[in-house]
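The structure presented is a predicted model; accordingly, all values stated were derived computationally and were not measured. Per chain, numbering begins at 1; letters A, B, ... match sequence-line order.
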Number of protein chains: 2
Amino acid sequence: MGRPSPDTKQILIDTALALIWMSSYGSVSVDDICKAAGVKKGSFYHFFPSKVDLAVAAMEHSYHEVKPLYDTIFSPDTPPLRRFERMMEVVVEKQTETLEKYGRVCGCSDTSLGCEMAGLEERIRVKFEELANRKKRYYENALRDMVAEGSLPPDTDVKAKAHEIFAYLLGQMTLARIQNDLGLLKRDLRPGLLGLLGIQDKAGSAS
Amino acid sequence: MGRPSPDTKQILIDTALALIWMSSYGSVSVDDICKAAGVKKGSFYHFFPSKVDLAVAAMEHSYHEVKPLYDTIFSPDTPPLRRFERMMEVVVEKQTETLEKYGRVCGCSDTSLGCEMAGLEERIRVKFEELANRKKRYYENALRDMVAEGSLPPDTDVKAKAHEIFAYLLGQMTLARIQNDLGLLKRDLRPGLLGLLGIQDKAGSAS
DNA sequence: AAAGTTCTTGACCGATCAGTCAAGCACGCA
DNA sequence: TGCGTGCTTGACTGATCGGTCAAGAACTTT
């Protein structure tokens, strides 16, 4: 099959993800990505038929990169409530990492891309939906386990509650991105999520 | 002072707000706005020194447009919990209106603009923060009234809870925008917010 | 070593981008 | 009536946009 594929494609995906995550899809040009990746534009279009295809590939890649972490956090070995608590810790950790790495709070790349482009590029909307559903499935499993162990009422609408948690997390991360500040995320993420789960916070700052 | 100002400036603001809200800041050009507004580009730059200035003016305008409604909803005449419930109803109503008007779910214009541009245009970030704080102040007042009437514990961190509610609402609206569907918003907005307030839903779908 | 495939390169395209400018026009005021 | 100011107009700029292409280089296979 001729020459084996070098990692040019992966470099383009990584570079694009970083640039778009930091700023936005519309403000990052194909030339910007190529320049930062040290790749000529002709090569770019050898691997990706369009800029949108690159963005979709970057979304998929970012999921596959965190999937092992999700599998660990939401392992059935862990008590379900502890899974959510661990997830919140990891969210803050990851945001702190990217803040140090990129010099600003970046929030969730899928959400930024989705919010900007969902109305203009159907494939980005579809990819967002797919990734969102995969993540919500982790929440649903944990919620079902909470119902099973009795820490959540048996008539709980698990899918609805997973969506609420997802929306809340997404909102907190989007606000952190816009304000470029992790302070409120660190302070308010936990009590709000416990509130959504109908659980009193031991620390007392939640209702 | 010569010729009195016609409403060209306001037409530009309205048009820009609609176009950017529907798609995004980056995908709407000054030419697009001018064409849709029936205004020549020279006139545009007579009123606004740059595209960003127009965006900031549009954000400010969108707030002033809904402010009377906020004042009504959060009037001290209304019981505080009822204020939040009314706000959720109005959010769904407004989203339904824009869906019919523009053919798609648009979410919150400030959030979309903020998420896309906060890292690139400081003035947009600052304006977002200003408007967000103004809105959160309505929530804080209502929460304080709930504490006063005893429906919320006296040690409630009112500012933190207002931020949680704001983040949750913003997340639900952003998701509705991306998915271009009001179904989940209509179904899940209310129980989640009641959960954040630590209140059982009479309808039973909340925890 | 020749043929075949994959990847790279750099020049190139028409369209569009945000923004400029000088001239003209319409109105309020004197 | 005529002057001054504010608004409009349309042509214009240089840069940049996403995307194309033909030719060649690098590597595998035969």
Rounded to the nearest Å, what distance is computed from the [atom1] atom of residue [X] to the [atom2] atom of nucleotide [N]?
{"X": "L12(B)", "N": "dT8(D)", "atom1": "CG", "atom2": "C1'", "result": "12 Å"}
{"X": "F48(B)", "N": "dT20(C)", "atom1": "CZ", "atom2": "P", "result": "15 Å"}
{"X": "K35(B)", "N": "dT9(D)", "atom1": "NZ", "atom2": "C1'", "result": "17 Å"}
{"X": "H46(B)", "N": "dG24(C)", "atom1": "NE2", "atom2": "C1'", "result": "14 Å"}

At their closest point, which heavy atom of D188(A) faces which heavy atom of A160(B), and how far apart are they?
OD1-CB, 3.3 Å
Residue pair D110(B) / F128(B): nearest heavy atoms and the distance that separates them:
O-CD1, 3.5 Å
Pairs satisfying salt bridge (Lys or Arg N to Asp or Glu O under 4.0 Å), at least one member in residues 54-66 of chain A, at least two apart:
E60(A)-K127(A), E60(A)-R134(A)
Which pairs, with at least one residue in residues 28-51 of chain A and sequence neighbours excluded, count as a salt bridge (Lys or Arg N to Asp or Glu O under 4.0 Å)?
D31(A)-K41(A)
N or O in side chain of K40(B) less than 4.0 angstrom from dG10(D) OP1/OP2
yes
Taking only the side-chain nitrogens and oxygens of T8(B), find out if one of them lies under 4.0 Å from OP1 or OP2 of dC7(D).
no
Regarding Y168(B) and Q172(B), do their side chains bring together a donor and an acceptor under 3.5 Å, going by distance alone?
yes
Tabulate protein N/O versus nucleotide N/O from nucleotides 14-19 of chain D, keeping only pairs under 3.5 Å, one per line.
residue : atom : partner : partner atom : Å
dC17(D) : OP1  : S29(A)  : OG           : 3.1
dC17(D) : OP2  : S29(A)  : OG           : 3.4
dG18(D) : OP1  : K51(A)  : NZ           : 2.9
dG18(D) : OP2  : V30(A)  : N            : 3.0
dG18(D) : N7   : K41(A)  : NZ           : 3.2
dG19(D) : OP2  : Y45(A)  : OH           : 3.1
dG19(D) : OP2  : K51(A)  : N            : 3.0
dG19(D) : N7   : K41(A)  : NZ           : 3.2
dG19(D) : O6   : K41(A)  : NZ           : 2.8

Please list every donor-acceptor pair under 3.5 Å in which a side-chain atom of residues 18-25 of chain B meets a protein atom from a residue at least two apart or in another chain.
residue : atom : partner : partner atom : Å
W21(B)  : NE1  : C106(B) : O            : 3.2
W21(B)  : NE1  : G107(B) : O            : 3.1
S23(B)  : OG   : L19(B)  : O            : 2.9
S23(B)  : OG   : S27(B)  : OG           : 3.4
S24(B)  : OG   : S27(B)  : N            : 3.3
S24(B)  : OG   : S27(B)  : OG           : 2.9
Y25(B)  : OH   : V52(B)  : N            : 3.4

Could you pull out every donor-acceptor pair under 3.5 Å between side chains of residues 72-82 of chain B and any protein atom, sequence neighbours left out?
residue : atom : partner : partner atom : Å
T72(B)  : OG1  : P68(B)  : O            : 2.9
S75(B)  : OG   : D77(B)  : N            : 3.1
R82(B)  : NH1  : E89(B)  : OE2          : 3.4

With a 4.0 Å heavy-atom cut-off, tell me which residues in residues 55-62 of chain B come close to DNA chain D, sorted by residue number.
none
Check this for me, if you would: do E164(B) and K136(B) make a salt bridge, where the nitrogen-to-carboxylate-oxygen distance has to be below 4.0 angstrom?
no
